[in-house]
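Input: a single structure, listed below in structure tokens.
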Amino acid sequence: MEKKTVVRRLDLGYFVRPAAEVQGPQPRVEPVLAYLAQCEEGLILFDTGIGTADPETEAHYRPRRRPLDAALAAAGVSRADISLVVNCHLHFDHCGGNPMLRDKPIVVQAAELSAARRGGYTIDALVDFPGANYLEITGEAELWPGVRIIPTPGHTEGHQSLVIRQNDGTVILAGQAHDFATHFASDQLARRAASDGLEPPLPTYQPWLERLLAFDPRRVLFAHDCSVWEPGSA
């Protein structure tokens with residue numbers, strides 16, 4: 001009998017990405033999304049929202065935060081219920097609530113933590129704070145049966161995604177491995193075209209995509225896109 005696992009999305013606010021960063025005529029407002037994975041072994045929180053940054057960064061991105069406690073309460077849980085924290089990476093819009101979860105194990109790639117501690121990478125106070133309890137891993141790791149960390153470098157060297165097997169298939173919490181579901185879909189189709197033997201030129205894609213797709217995901221969820229990738233009907 002398969003284990004019952006439930007994944008829920010948390011809305012933790014948004015920020016405004018300037019036009020110069022989106023290579024378009026207008027700025028773009030992007031959501032900041034975290035996820036709760038309720039497993040038989042406990043409750044995982046994937047990302048923790050937008051941290052307080054320096055005045056320059058605040059002015060640049062104009063973030064609007066939804067308090068983590070309010071988002072958790074709306075999902076029917078509290079900080080005390082969380083067993084593990086997983087950050088896809090340690091930029092300030094993904095690890096902002098970590099200091100509120102002191103003493104909770106925080107699962108992070110060793111390469112990501114090392115980069116964050118070199119400075120000039122994120123908000124230092126969100127990385128090393130009293131009670132910080134990092135569980136550093138290198139590469140893939142099975143956290144619990146059916147719950148696996150997969151390295152997905154690109155946005156940062158130590159970016160990671162979380163693969164969760166559910167009764168109705170596998171869900172992948174992809175963080176910012178792709179900014180948008182459509183980008184994931186484009187890469188998935190590029191990989192499909194290559195597998196079908198189409199002649200070059202074809203688009204390239206990250207090599208770890210093969211590993212993610214090997215789990216036959218039913219849903220892929222993202223940190224800055226409310227859309228969900230699902231495979232086409234067979």
Side-chain angles (χ1 to χ4, degrees), residues 7-13 15 30-37 39 42-53 57 61 63 65-69 71-72 77 79 81-144 147-164 171-179 208 212 220-225:
V7 175
R8 288 172 287 183
R9 175 187 285 169
L10 300 181
D11 172 6
L12 294 180
F15 64 94
E30 297 187 9
V32 173
L33 305 171
Y35 296 89
L36 285 171
C39 309
L43 182 64
I44 297 174
L45 175 60
F46 186 84
D47 282 351
T48 63
I50 313 170
T52 301
T57 302
Y61 288 114
R65 301 167 177 86
R66 185 186 187 201
L68 178 60
D69 281 344
L72 291 173
V77 301
R79 280 183 271 163
D81 299 316
I82 295 168
S83 306
L84 287 176
V85 176
V86 177
N87 292 123
C88 65
H89 66 292
L90 294 175
H91 284 168
F92 87 109
D93 54 325
H94 295 263
C95 68
N98 284 16
M100 299 173 62
L101 295 155
R102 62 190 70 238
D103 300 323
K104 302 286 185 181
I106 300 171
V107 182
V108 65
Q109 291 288 320
E112 183 70 13
L113 186 58
S114 176
R117 284 175 167 164
R118 285 197 292 268
Y121 181 90
T122 186
I123 305 303
D124 293 345
L126 300 176
V127 177
D128 287 311
F129 50 86
N133 178 19
Y134 286 105
L135 176 57
E136 294 183 59
I137 60 175
T138 300
E140 286 195 28
E142 186 176 59
L143 300 181
W144 294 328
V147 180
R148 180 171 288 273
I149 293 284
I150 303 295
T152 48
H155 179 67
T156 69
E157 179 185 354
H159 192 284
Q160 60 185 6
S161 299
L162 189 64
V163 175
I164 303 168
V171 61
I172 295 176
L173 306 182
Q176 208 170 342
H178 289 83
D179 282 343
W208 44 255
L212 290 187
V220 182
L221 310 175
F222 304 90
H224 296 311
D225 190 358

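If you're wondering where the values come from, they're calculated on a predicted model, not measured in any experiment. Positions are given from 1 along the sequence.
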Set out, in order, the CA-CA distance, both residues' side-chain angles and the distance that settles side chain to side chain contact (heavy atoms under 4.5 Å, CB included) for Leu101 and Ile106, then state yes or no. CA-CA 9 Å; Leu101 295 155; Ile106 300 171; 6.0 Å; no

May I ask you to decide if [Y]'s main-chain N or O and [X]'s side chain share a donor-acceptor pair within less than 3.5 Å?
{"X": "His159", "Y": "His89", "answer": "no"}
{"X": "Asp11", "Y": "Gly13", "answer": "yes"}
{"X": "Ser83", "Y": "Ile44", "answer": "no"}

Measuring only between side-chain heavy atoms, which start at C-beta, is [X] closer than 4.5 Å to [Y]?
{"X": "Val147", "Y": "Val163", "value": "no"}
{"X": "Met100", "Y": "Asp69", "value": "yes"}
{"X": "Val127", "Y": "Tyr134", "value": "yes"}
{"X": "Asn133", "Y": "Asp103", "value": "no"}
{"X": "Leu173", "Y": "Ile164", "value": "yes"}
{"X": "Leu43", "Y": "Leu36", "value": "yes"}
{"X": "Gln160", "Y": "Ile137", "value": "yes"}
{"X": "Leu68", "Y": "Leu45", "value": "yes"}

When rounded to the nearest 0.5 angstrom, what distance separates [atom1] in [X] from [atom2] in [Y]?
{"X": "Phe15", "Y": "Arg65", "atom1": "CZ", "atom2": "CZ", "answer": "11.5 Å"}
{"X": "Leu90", "Y": "Gln109", "atom1": "CG", "atom2": "CD", "answer": "10.5 Å"}
{"X": "Leu126", "Y": "Thr48", "atom1": "CG", "atom2": "OG1", "answer": "8.0 Å"}
{"X": "Lys104", "Y": "Ile82", "atom1": "NZ", "atom2": "CD1", "answer": "6.5 Å"}
{"X": "Leu162", "Y": "Leu84", "atom1": "CG", "atom2": "CG", "answer": "9.5 Å"}
{"X": "Leu33", "Y": "Leu10", "atom1": "CG", "atom2": "CG", "answer": "9.0 Å"}

For residues [X] and [Y], report the shortest heavy-atom separation together with the two atoms involved.
{"X": "Trp208", "Y": "Pro153", "value": "NE1-O, 2.7 Å"}
{"X": "Pro67", "Y": "Leu12", "value": "O-CD2, 4.4 Å"}
{"X": "Pro31", "Y": "Asp225", "value": "CG-N, 3.9 Å"}
{"X": "Asp124", "Y": "Ala116", "value": "OD1-O, 4.2 Å"}
{"X": "Pro99", "Y": "Ala125", "value": "CG-O, 4.1 Å"}
{"X": "Asp47", "Y": "Cys88", "value": "OD1-N, 3.0 Å"}

Parallel, tilted or perpendicular: rings of His91 and Tyr121 (30°, 60°): tilted

Geometric class of the Phe222/His178 ring pair [parallel <30°, tilted 30-60°, perpendicular >60°]: perpendicular

Report yes if the distance between the aromatic ring centroids of His94 and His224 is under 6.0 Å, otherwise no. yes

More than 12 heavy atoms of other residues, nucleotides or ligands under 6.0 Å from CD of Glu157: is that the case? no

